[in-house]
Number of protein chains: 2
Amino acid sequence: MREIPATQSQSKQRLLDAAEQLFAERGFEAVSVRDITHRADANVAAINYHFGTRDGLVALVISRYLTPVNEERLVRLETAERKTSGKSLPLEEILDAFARPLVGITRKSAMPERLLCKLLGRIFSLQGDDCPVAMEASMHRVNERFTRALGRALPSLAADELIWRIHLMVGGLIHLLMNQDRLEPVSSGTEEPPAMDAALSRFIRFSAAGLREGVTLEAPVKNTPQATFDFG
Amino acid sequence: MREIPATQSQSKQRLLDAAEQLFAERGFEAVSVRDITHRADANVAAINYHFGTRDGLVALVISRYLTPVNEERLVRLETAERKTSGKSLPLEEILDAFARPLVGITRKSAMPERLLCKLLGRIFSLQGDDCPVAMEASMHRVNERFTRALGRALPSLAADELIWRIHLMVGGLIHLLMNQDRLEPVSSGTEEPPAMDAALSRFIRFSAAGLREGVTLEAPVKNTPQATFDFG
DNA sequence: GTCTATAAAGTGATAGAC
DNA sequence: GTCTATCACTTTATAGAC
């Protein structure tokens with residue numbers, strides 16, 4: 001058989017892998033196309049051929065992780081809500097639906113968990129100008145649905161108070177992702193395989209307690225949040 | 001009187017002001033010396049003359065805020081500890097000592113609060129290679145002292161568990177700083193002057209509840225943290 | 001202290017050969 | 001699909017005139 005150039009080139013995949021690693025390590029802005037092509041052992045022109053522009057590659061990497069995570073978040077939330085048909089969900093279940101997809105995706109990716117966490121941390125802390133428009137729409141929908149669910153689970157909490165607390169919750173999650181590599185060795189030895197699972201349950205317990213702080217269970221409905229707000 | 005070039009040039013100050021604003025808006029990596037000199041109405045060579053290199057300016061801006069914040073953190077913690085001579089501090093007081101210096105500095109700076117919060121958020125989320133060595137030493141000392149104080153306030157909490165929770169706490173604070181401009185309009189109208197103070201008390205309540213979660217007040221001392229760990 | 005001019009290296013992107 | 005060569009900028013930094 002005669003050698004032919006691969007129709008679905010492996011180099012496109014190598015480029016993608018190299019880009020993800022470098023973006024995780026240094027951030028999206030600090031990586032040049034030459035850095036990527038060098039690590040992928042590809043030609044400098046390869047990125048423009050396969051992805052159009054550098055920004056195209058960045059947007060692709062972002063959506064490759066952001067889209068499935070946000071979709072799974074919504075699926076999990078809606079599944080849980082359907083099971084309790086109308087009634088408000090336990091806080092812990094909402095937080096689980098929000099955070100578990102981040103753990104789930106680490107299992108599907110070929111990337112080392114350490115790097116993938118950092119990449120996810122960088123993706124979900126993007127905001128403003130650094131943020132591709134496609135991402136904003138996806139995030140907005142997630143924000144809206146989860147703010148509503150949390151508001152229903154904490155009916156006595158004022159709407160603005162809820163939004164502040166959600167930001168504190170999200171910030172903690174992002175910081176955990178960004179520092180997972182430094183945190184893992186802290187939980188020494190015993191729990192090697194489910195490193196991310198341990199982080200997840202710690203996040204849920206901490207955040208649920210913070211969100212519930214001062215909320216009286218039997219208080220009358222003081223305020224249902226009518227406005228949602230983007231936490232990114 | 002003959003015109004002389006200002007001995008303590010105002011342009012150095014203008015350069016510093018412009019740099020701080022631009023770093024806050026776009027991050028330290030995304031601002032060129034030309035961006036800065038242009039906004040400061042100064043010559044392109046001015047930064048190298050006044051600050052040596054671009055990195056020198058970045059390090060100066062960082063330490064101008066990081067140093068006083070971290071020093072005030074330690075002073076507040078030590079003052080509080082001296083008052084209760086040996087006994088463990090209330091969690092809320094430790095968190096206040098940790099976060100209030102960030103509020104305090106917004107009062108001293110001429111920068112708009114909105115921008116300064118973002119700058120502080122960017123400074124305190126730096127880590128790894130982006131982190132000047134001088135900063136690491138300062139952060140390490142703060143981490144050590146506060147981890148110890150929190151460990152004493154939560155004696156029944158396992159050392160590794162404490163470190164995870166501290167990261168969740170710090171992440172929330174950073175995210176609040178980074179999003180203060182989006183959060184402020186949420187707390188509509190009523191509380192115009194003490195915008196940052198409201199954020200502070202919300203942070204303290206949320207984090208104290210998260211840190212205390214599942215901690216039984218009368219539990220015996222199970223574990224005092226012997227190792228501290230850098231949360232940045 | 002401030003300026004111009006310029007060096008030396010790096011940036012993303014593309015035309016065109018193979 | 002991959003390559004080289006190159007364009008058109010931009011980057012930080014510096015030498016030297018004023």
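So you know, we letter chains A, B, ... as the sequences are listed, proteins then strands, and number each from 1.
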Please check the phosphate of dT2(C) (OP1 and OP2 only) for any side-chain N or O of S11(B) closer than 4.0 Å. yes
Tell me whether the side-chain N/O atoms of N48(A) come closer than 4.0 Å to OP1 or OP2 in dG12(C). no
Rounding to an integer number of Å, can you tell me how far [X] [atom1] sits from [N] [atom2]?
| X | N | atom1 | atom2 | value |
| --- | --- | --- | --- | --- |
| D41(B) | dT2(C) | CG | C1' | 13 Å |
| R54(A) | dA13(C) | CZ | C1' | 13 Å |
| N43(B) | dG16(D) | CG | P | 17 Å |
| I47(A) | dT14(C) | CD1 | P | 13 Å |
| R14(A) | dG1(D) | CZ | C1' | 12 Å |
| E29(B) | dT11(D) | CD | C1' | 14 Å |
| Q13(B) | dT2(C) | CD | P | 13 Å |
| H50(A) | dG1(D) | NE2 | P | 6 Å |

Looking at the base of dG10(C), is there any donor atom on it, or on the side chain of R34(A), that sits under 3.5 Å from an acceptor on the other one? no
Donor-acceptor check, side chain of S201(A) to backbone of A198(A), threshold 3.5 angstrom: yes or no? yes
Taking the side chain from S138(A) and the backbone from M135(A), do they hold a donor-acceptor pair closer than 3.5 Å? no
CG of D17(A) to CD of Q10(A), rounded to nearest 0.5 Å, is 12.0 Å
Do the side chains of L60(B) and L16(B) get nearer than 4.5 Å, heavy atoms only? yes
Between E184(A) and R114(A), is there a salt bridge with N-O shorter than 4.0 Å? no
Minimum-distance nucleotide to S32(B) side chain [options: dG1(D), dT4(C), dT11(D)]: dT11(D)
Closest nucleotide among dG1(D), dT2(C), dG12(C) to the V33(A) side chain: dG12(C)
Hey, which of these two, A45(A) or D35(A), hits DNA chain C nearer its 5' end, going by closest nucleotide? D35(A)
Using the P atom on both, measure dC9(D) against dA8(C) and round to a whole Å. 22 Å
